[in-house]
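Just so we're on the same page: letters track the sequence lines, and every chain starts at 1. For clarity, every value in this text was computed on a predicted model and none was experimentally measured.
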2 protein chains.
Amino acid sequence: MAQSDTVDRILDAAELLFAEKGFSETSLRQITSKAGVNLAAVNYHFGSKNALIQAVFARFINPFTRLLRDKLEAAAADKNDISLEALLSIITSSILEVPGRNHRGLSIFMRLLGLAYTQSQGHLRKYLEQQYSEEFRLFMRLLKEATPQLTPVERFWRIQFMLGATAFTMSSTEALSDILEKEMGVRQPIDEIVKQLVPFLASGIQADHLNASPALRKVDGGKVQ
Amino acid sequence: MAQSDTVDRILDAAELLFAEKGFSETSLRQITSKAGVNLAAVNYHFGSKNALIQAVFARFINPFTRLLRDKLEAAAADKNDISLEALLSIITSSILEVPGRNHRGLSIFMRLLGLAYTQSQGHLRKYLEQQYSEEFRLFMRLLKEATPQLTPVERFWRIQFMLGATAFTMSSTEALSDILEKEMGVRQPIDEIVKQLVPFLASGIQADHLNASPALRKVDGGKVQ
DNA sequence: GTCTATAACGCGATAGAC
DNA sequence: GTCTATCGCGTTATAGAC
């Protein structure tokens with residue numbers, strides 16, 4: 001068995017098991033056994049379990065980050081301010097377009113991202129923040145330009161709300177899809193879910209801040225009264 | 001040391017440690033050591049680690065559930081349909097009013113709830129669903145009446161988005177408050193954060209579903225044009 | 001480069017003295 | 001009701017044969 005083969009088999013197995021059960025709950029024994037390699041192989045090739053976790057993420061992040069940065073920089077170069085919807089679409093389309101990933105792989109990636117943020121994996125969070133910092137700052141600048149009506153404090157909290165809605169939902173898309181199919185007989189692919197998310201986020205972040213009752217703006221048949 | 005004292009000391013210590021590190025990452029040894037009781041005490045008083053996790057939740061859930069059910073039933077008895085904002089306020093005010101809990105305890109509870117949902121703790125999820133099922137169904141019925149314009153599938157996903165924004169934010173209110181204070185010099189108590197959340201959620205769940213650009217409904221000075 | 005064997009340790013749980 | 005001591009197992013990580 002060539003080295004690269006072993007490494008990939010480990011990464012594939014680890015990815016699936018981490019997404020299924022979480023990081024602490026997955027042992028190296030389970031990973032190596034599923035991958036059909038020796039128990040010692042993980043420590044030989046990656047050095048430690050934490051390094052393996054980071055390597056699993058790196059496989060996704062590197063292509064995704066490249067794609068996202070290109071799109072954000074193109075948007076920033078435009079002389080007009082980017083709209084909020086366009087900005088959110090850059091994120092979602094980058095996620096959906098990550099090269100070499102099918103839908104199954106995508107939902108695994110989203111679940112891992114959600115877990116990384118909610119499970120307290122200090123090392124992983126630092127790793128991701130470091131990998132993403134440049135793109136994150138650029139995104140924040142564009143978001144500020146797209147929502148000039150918000151105070152900085154409002155914007156801060158609403159970004160957290162958006163992140164939460166996204167990470168939380170994405171971290172269990174498969175389980176939720178199963179519930180939806182069972183209860184309503186509808187099967188939705190993951191990119192449909194992402195598309196449902198965008199209007200929710202865009203509307204939420206632009207909620208009227210002077211008036212806590214956006215319902216006053218009643219909508220009938222999709223048209224403002 | 002009286003029994004109830006030992007039990008409470010264990011519950012207090014477990015609550016803090018679980019919220020800090022997660023369930024799998026917290027050992028009985030850490031809990032009993034922090035509580036200043038013997039290692040065997042957990043198994044003696046609770047039977048197992050899983051039972052302890054459930055007991056930690058029960059301390060909060062029982063008073064909260066009582067409060068929530070009373071308010072929801074009062075709302076359901078009203079002959080007029082409840083508004084979306086009023087419905088969301090019932091939830092948030094119930095959380096904020098849970099008896100015997102200060103703000104620190106509240107943020108711990110929210111963090112635990114968030115963890116329960118994201119960490120794959122099968123037993124805990126089942127336990128919570130069972131404890132909450134009646135209130136959850138009632139809430140869903142009222143929410144359906146308050147958002148008649150949504151299709152069932154849209155409503156399903158938007159409920160997940162709301163839940164995500166809430167659980168995720170609440171699960172790290174303390175850390176986020178610290179960041180906010182450091183970056184902007186503003187200190188916000190937890191009930192201020194919750195108040196910021198309501199308009200975001202209300203606006204998000206009512207986002208125009210035919211048109212992915214709610215920004216078209218421009219608002220000026222809080223009044224619809 | 002991959003294996004076996006095992007070290008070194010932490011875990012949850014329990015038996016039995018007091 | 002609380003303690004000590006320990007069982008039995010699973011964990012990550014490593015040493016050394018091939």
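Side-chain proximity of B/R29 to D/dA13, C/dC11, C/dT14: nearest is C/dC11. When distances run from any side-chain atom of B/Y44 to the nucleotides D/dT2, D/dT12, C/dA13, the shortest one goes to D/dT2. Candidate nucleotides C/dA13, D/dT12, D/dT2 were compared by shortest atom distance to the side chain of B/H45, and D/dT2 ranks first.
Taking the side chain as every heavy atom from C-beta outward, A/S94 and A/K71 approach each other to under 4.5 Å.
Checked by atom type, the side-chain pair B/T169/A/Q160 shows no donor-acceptor distance below 3.5 Å.
In this structure, A/L28 atom CG and C/dC9 atom C1' are separated by 15 Å, rounded to whole Å. The distance from atom CG of A/N43 to atom C1' of C/dA5 is 15 Å, rounded to the nearest whole Å. Taking atom CG on B/L17 and atom P on C/dG12, their separation rounds to 12 Å, with Å as the unit. For A/N38 and D/dA17, the CG to P distance is 16 Å, given to the nearest whole Å. Between the CD atom of A/E25 and the P atom of C/dG12 there is a distance of 13 Å, rounded to whole Å. Rounded to whole angstrom, the span from the NZ atom of B/K21 across to the C1' atom of C/dG10 amounts to 12 Å. Taking atom CG of residue A/L39 and atom C1' of nucleotide D/dT12, one finds them 8 Å apart after rounding to whole Å. The separation between A/I31 atom CD1 and D/dT11 atom C1' is 12 Å, rounded to whole Å.
OP1 and OP2 of D/dT12 both lie 4.0 Å or more from every side-chain N or O belonging to A/S48. Between C/dG10 and B/S27, no contact under 4.0 Å exists linking OP1 or OP2 to a side-chain N or O. Between B/T6 and the phosphate of D/dT2, there is a side-chain N or O to OP1/OP2 separation shorter than 4.0 Å.
Ring centroids of A/F18 and A/F23 are separated by less than 6.0 Å, placing the two rings close together.
Ion pairing between B/R187 and B/E192 fails under the 4.0 Å rule for side-chain N and carboxylate O.
Between A/R111 and A/E20, the closest heavy-atom pair is NH2-O, 4.1 Å.
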